[in-house]
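Structure first, commentary second.
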2 protein chains.
Amino acid sequence: MKLINQLSKETGIPIATIRFYEKSGLIKGEKKPGVTTNNYLYYGDDVVEKLRFIQMAKAVGFTLSEIKEVIDAWYLKKISRKAQMDVLELKLVQIEEKIQELKAMKRQIMTCIKNIAAR
Amino acid sequence: MKLINQLSKETGIPIATIRFYEKSGLIKGEKKPGVTTNNYLYYGDDVVEKLRFIQMAKAVGFTLSEIKEVIDAWYLKKISRKAQMDVLELKLVQIEEKIQELKAMKRQIMTCIKNIAAR
DNA sequence: ATAAAGTATGTAGTATACTTCATACTTTTC
DNA sequence: GAAAAGTATGAAGTATACTACATACTTTAT
């Protein structure tokens with residue numbers, strides 16, 4: 001069980017940002033049962049996983065609310081299996097679209113580089 | 001030569017957003033020489049190209065200032081050939097990174113879908 | 001020729017995603 | 001046991017990327 005400082009060091013995400021993600025409902029720490037002197041929050045390994053996923057997803061242009069949908073489908077067992085599948089399969093489609101867009105950009109830029117080189 | 005309305009219709013980007021991009025230096029319209037009654041701006045086909053590029057690049061998480069760098073390297077002949085190449089090659093690397101991240105996310109989500117299906 | 005639609009300009013407002021600050025308490029270190 | 005470092009909370013501030021509004025002028029349609 002990790003405290004927020006360790007979480008930050010493992011992921012490179014600032015503590016303030018992690019707190020912001022927690023407030024936004026993307027991750028959740030828990031109070032250690034039995035500890036009454038403080039109200040420190042502890043985080044499991046799943047939270048590190050989630051934070052890494054957030055980093056990746058943000059880097060490819062997903063918003064926090066889109067990311068939250070995926071994380072909820074992933075970890076919350078509350079919603080129906082079908083609803084979980086729907087969210088995840090939609091994300092797969094969107095990921096595939098982004099890959100295609102990136103490949104198109106790559107081709108464009110490579111053409112441009114060739115033009116510059118041929119001058 | 002197109003007016004802003006046509007530009008908007010061809011790309012699906014709102015007029016206000018196109019104006020914002022122009023103010024941000026990503027695209028540029030020109031006054032028709034000889035026309036003195038108005039100050040309407042006209043746009044060439046390169047602007048449509050640029051707007052489509054902006055749409056794609058934004059969809060995969062590039063910021064407007066990153067996009068501006070690429071567009072400048074692309075169209076502005078002012079900067080040195082080497083500087084142009086540097087910008088474009090860096091973008092190629094970043095695009096490749098994003099593709100890898102998307103593929104990693106794809107795998108993760110597919111694993112998750114399999115787990116849900118197997119319940 | 002007049003109303004409707006288009007264009008330009010400037011300013012203000014909004015949403016997202018942080019980031020900083022102030023305060024207060026707890027734990028660790030020397 | 002006192003200072004330094006860590007944690008929690010709430011509120012305010014910032015950056016990016018729009019989005020809407022008000023005004024004024026121009027062009028197009030009827």
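As the structure is a prediction and not an experimental result, all values here were calculated from the model. Just so it is clear: chains get the letters A, B, ... in the order the sequence lines come, proteins before strands, and each one is counted from 1.
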I'd like a table of donor-acceptor pairs (distance under 3.5 Å, sequence neighbours excluded) in which one partner is a side-chain atom from residues 20-37 of chain B, with atom names and distances.
| residue | atom | partner | partner atom | Å |
| --- | --- | --- | --- | --- |
| B:Glu22 | OE1 | B:Tyr43 | OH | 2.5 |
| B:Glu22 | OE2 | B:Gly29 | N | 2.8 |
| B:Ser24 | OG | B:Phe20 | O | 2.7 |

Distance in angstrom units between [X] [atom1] and [N] [atom2], rounded:
X: B:Asn5; N: C:dG6; atom1: CG; atom2: C1'; answer: 7 Å
X: A:Lys32; N: D:dA8; atom1: NZ; atom2: P; answer: 13 Å
X: A:Lys2; N: D:dT7; atom1: NZ; atom2: P; answer: 14 Å
X: A:Lys9; N: D:dG6; atom1: NZ; atom2: C1'; answer: 10 Å
X: B:Ile15; N: C:dT9; atom1: CD1; atom2: P; answer: 14 Å
X: A:Ile13; N: C:dT19; atom1: CD1; atom2: C1'; answer: 15 Å
X: B:Met1; N: C:dT7; atom1: CE; atom2: C1'; answer: 17 Å
X: A:Glu30; N: D:dT7; atom1: CD; atom2: C1'; answer: 17 Å

Pairs meeting criterion salt bridge (charged side-chain N to carboxylate O under 4.0 Å, His left out) with involvement of [range], two or more places apart:
range: residues 90-113 of chain B; value: A:Glu96-B:Lys106, A:Lys106-B:Glu96, B:Glu66-B:Lys91
range: residues 79-88 of chain B; value: B:Lys82-B:Asp86
range: residues 34-59 of chain A; value: A:Lys2-A:Asp45

Would you indicate what B:Ser24 reaches in the nucleic acid, counting non-hydrogen atoms under 4.0 angstrom: base, sugar-phosphate, or nothing?
nothing
Name the closest nucleotide to the A:Arg19 side chain, picking from C:dA8, D:dA8, C:dT7.
D:dA8
By nearest heavy atom, map A:Phe62 and B:Leu41 onto DNA chain C; which one lands nearer the 5' end?
B:Leu41
Taking B:Pro14 as the fixed residue, which of B:Thr11, B:Thr17, B:Ile18 is the one that meets the side chain to side chain contact (heavy atoms under 4.5 Å, CB included) rule?
B:Thr17
Classify every nucleotide of nucleotides 18-30 of chain D by which part a protein heavy atom approaches to under 4.0 Å, writing B for the base, S for the sugar-phosphate alone and - for neither, in 5'-to-3' order.
BB------BS---
Give me each pair satisfying ring pair (Phe, Tyr, Trp, His ring centres under 6.0 Å) with a member in residues 53-73 of chain A, each pair once, sequence neighbours excluded.
A:Phe53-A:Trp74
Just verifying a value: how many Å separate B:Met110 CE and A:Leu88 CG, rounded to the nearest 0.5 Å?
12.0 Å
